Amino acid sequence: MNPFTASEIDEIDRLWRQLPIEHMWTGWATAGEAPEQVWIFRTRAHWRRFPLTKSAKGYVLADEKGRRMFRSATLEDLLQAVEAIPGLADTVQD
């Protein structure tokens, strides 16, 4: 695996901070100085954690069982892809 750079971590943080408060993606986490994986969290309706890794051609998002779901050339493209994952629509009703 390829480690994430500090600028990529900053980009992930920027992307998730610009989301509206009610967005299904509630946060992200990583460990270490040069992490090889970032976890994307969702807690609406059912808590889930999606591992994000880097590949030679961009980024890969997997489900909680490690199955690759999406590949993306940029982190911005990845955000659009993860919003399209079936079953992740906000199911909480007021």
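All values derive from a computational prediction rather than experimental measurement.
With rounding to the nearest 0.5 Å, the separation of CG in Leu61 from OG in Ser72 is 9.5 Å. Here the CZ-CG distance, from Phe4 to Leu52, works out to 4.0 Å after rounding to the nearest 0.5 Å. Arg14 CZ to Leu75 CG: the interatomic distance, rounded to the nearest 0.5 Å, is 9.0 Å. We find the OH-CD1 distance between Tyr59 and Ile12 to be 7.0 Å, quoted to the nearest 0.5 Å.
Counting heavy-atom neighbours within 6.0 Å of Glu33 CD, excluding the residue itself, gives a total of 12 or less.
For the pair Arg17 and Asp13, the salt-bridge criterion is met [side-chain N within less than 4.0 Å of a carboxylate O].
When atom types are taken as modelled, the side chain of Lys54 and the backbone of Pro3 share a donor-acceptor pair closer than 3.5 angstrom. For the pair Thr5 (side chain) and Glu8 (backbone), a donor-acceptor distance under 3.5 Å is present.
For the 3.5 Å distance criterion, the side chains of Gln37 and Trp39 qualify, holding a donor opposite an acceptor. For the residue pair Ser7/Asp10, the side-chain donor-acceptor check at 3.5 Å is not satisfied.
A single hydrophobic cluster is not seen to contain both Val60 and Leu15; linkage of ILVMFWY side chains at heavy-atom distances under 4.5 Å, directly or through other members, places them apart. Linking Ile, Leu, Val, Met, Phe, Trp and Tyr whenever their side-chain heavy atoms come within less than 4.5 Å puts Phe50 and Ile9 in one cluster.
For Arg49, the salt bridge (Lys or Arg N to Asp or Glu O under 4.0 Å) test picks out no residue, with sequence neighbours left out.
Here the closest heavy-atom approach between residue Asn2 and residue Ala56 is recorded as ND2-N, 3.8 Å.
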Show the numbers, then the answer: is there a side-chain contact (heavy atoms from CB on, under 4.5 Å) between Trp16 and Ile40? CA-CA 10 Å; Trp16 266 262; Ile40 307 300; 3.9 Å; yes
